[in-house]
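FYI, the numbering just counts along the sequence from 1.
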Amino acid sequence: VQLVESGGGLVQAGGSLTLSCAASGFPFDEFAIGWFRQAPGKEREGIGCINTRDESTFSVDAVKGRFAITSDKQKNTVYLRMNDLISADTGVYFCAAVRWGCGYVDFHVSRLYDYWGQGTQVTVSS
């Protein structure tokens with residue numbers, strides 16, 4: 001099982017980035033993929049999740065309207081499109097997989113996820 005994030009980097013406030021999470025080694029449509037981030041000195045927090053089977057998504061209020069999660073079943077890849085970035089979005093971004101799906105109540109609970117990527121750094125300069 002492998003999850004590999006890519007696409008991080010340095011961006012100015014107000015800019016955009018798209019992160020990718022390439023999955024392999026498990027049946028893609030039986031899992032949901034969540035996105036988490038960890039800012040310096042803070043705990044890891046959930047951002048959102050997509051159920052790859054029906055592409056339903058959930059996200060936290062802090063990113064609604066700015067971030068979008070999509071999936072490409074042909075490529076076994078999930079994307080996190082981030083617009084209107086602010087300095088508070090700075091951190092290491094992780095994708096994670098949870099079997100059978102994520103829901104509105106618990107999509108942000110990291111301990112429920114089975115597999116994790118190594119993370120990619122996003123830095124937003126003001």
Side-chain angles (χ1 to χ4, degrees):
V1 174
Q2 195 172 22
L3 295 169
V4 179
E5 302 96 335
S6 61
L10 174 65
V11 63
Q12 288 188 333
S16 300
L17 275 178
T18 298
L19 306 183
S20 300
C21 174
S24 61
F26 61 89
F28 189 69
D29 62 355
E30 291 184 9
F31 283 73
I33 303 295
W35 283 97
F36 293 77
R37 67 185 179 190
Q38 188 164 17
K42 295 187 177 181
E43 294 186 356
R44 189 173 301 185
E45 63 171 346
I47 299 171
C49 180
I50 185 167
N51 288 301
T52 56
R53 179 167 295 178
D54 62 6
E55 299 192 357
S56 57
T57 60
F58 306 94
S59 60
V60 294
D61 289 344
V63 304
K64 280 182 179 177
R66 299 190 299 123
F67 290 12
I69 303 175
T70 58
S71 68
D72 185 335
K73 293 180 181 179
Q74 298 300 317
K75 296 182 179 179
N76 281 10
T77 299
V78 169
Y79 303 95
L80 177 65
R81 174 64 177 179
M82 305 185 292
N83 297 321
D84 298 324
L85 285 161
I86 59 177
S87 57
D89 295 321
T90 293
V92 179
Y93 282 68
F94 301 88
C95 64
V98 57
R99 189 151 196 166
W100 304 124
C102 59
Y104 172 76
V105 174
D106 57 9
F107 71 90
H108 61 288
V109 181
S110 60
R111 61 180 171 81
L112 298 180
Y113 286 76
D114 303 300
Y115 307 112
W116 289 82
Q118 80 291 348
T120 185
Q121 176 70 44
V122 172
T123 303
V124 183
S125 63
S126 55

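- For Asp89 against Val124, the heavy-atom pair with the smallest separation is CB-CG2, 4.2 Å.
- Within the model, atoms CD of Gln118 and CD of Gln2 stand 8.5 Å from one another, a figure rounded to the nearest 0.5 Å.
- A distance of 10.5 Å separates CD in Gln38 from CD in Gln121, rounded to the nearest 0.5 Å.
- Cluster annotation: Val92 and Ile33 are assigned to the same hydrophobic cluster (Ile/Leu/Val/Met/Phe/Trp/Tyr, side-chain heavy-atom contacts under 4.5 Å, transitive).
- Ser59 contributes no side-chain N or O that, together with a main-chain N or O of Ile47, makes up a donor-acceptor pair within less than 3.5 Å.
- Expressed to the nearest 0.5 Å, how far OG of Ser125 lies from CG of Leu85 amounts to 10.0 Å.
- Taking the side chain as every heavy atom from C-beta outward, Phe58 and Asn51 approach each other to under 4.5 Å.
- For the pair Phe31 and Ala97, the tightest heavy-atom approach, listed with the atom from each and the gap, is CD2-CB, 3.8 Å.
- In this structure, OG1 on Thr90 lies 10.5 Å from NZ on Lys42, to the nearest 0.5 angstrom.
- Checking side-chain atoms of Asp114 against main-chain N and O of Arg99 turns up a donor-acceptor pair under 3.5 Å.
- Although no hydrogens or angles enter the test, the distance criterion places no donor-acceptor pair under 3.5 Å between the side chain of Thr120 and the main chain of Ser6.
- Ile50 and Val60 end up in the same hydrophobic cluster when Ile, Leu, Val, Met, Phe, Trp and Tyr side chains are linked at under 4.5 Å.
- Residues Ala32 and Cys49 share a closest heavy-atom pair of CB-SG, 3.7 Å.
- Looking at Asn83 and Ser16, their side chains do bring a donor and an acceptor atom within 3.5 Å of each other.
- Looking at heavy atoms from C-beta onward, Val98 lies out of side-chain contact with Phe107 at the 4.5 angstrom threshold.
- In this structure, Trp100 is not a member of the same hydrophobic cluster as Phe26, with clusters built from ILVMFWY side-chain heavy atoms closer than 4.5 Å.
- In this structure, the side chains of Glu55 and Ile69 stay at 4.5 Å or more apart for every pair of heavy atoms.
- Between Met82 and Leu19 the shortest side-chain heavy-atom distance falls below 4.5 Å.
- Using a 4.5 Å heavy-atom threshold, the side chains of Arg66 and Ile86 count as touching.
- In the displayed structure, Lys75 atom NZ is contacted under 6.0 Å by at most 12 heavy atoms of other residues, nucleotides or ligands.
- Nearest heavy-atom pair across Gly15 and Val11 is CA-CG2, 3.9 Å.
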Point to revise | ring pair (Phe, Tyr, Trp, His ring centres under 6.0 Å) evaluation trace for Trp35 with Phe67 | key: CA-CA 11 Å; Trp35 283 97; Phe67 290 12; 9.8 Å; no
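- There is no side-chain donor-acceptor pair under 3.5 Å between Thr77 and Asp72.
- At a threshold of 4.5 Å between non-hydrogen side-chain atoms, the residues Glu5 and Tyr93 do not count as touching.
- Using a 4.5 Å heavy-atom threshold, the side chains of Arg37 and Val122 count as separate.
- Across every non-hydrogen atom of Ser71 and Val78, the tightest pair is CB-CG2, 3.9 Å.
- Atom OG1 of Thr18 is separated from atom CZ of Arg81 by 4.0 Å, given to the nearest 0.5 angstrom.
- The shortest non-hydrogen separation linking Leu3 to Cys21 is CD2-SG, 3.9 Å.
- Note on ring orientation: taking the six-membered ring where Trp is involved, the planes of Tyr113 and Phe36 are perpendicular (angle over 60°, cut-offs 30° and 60°).
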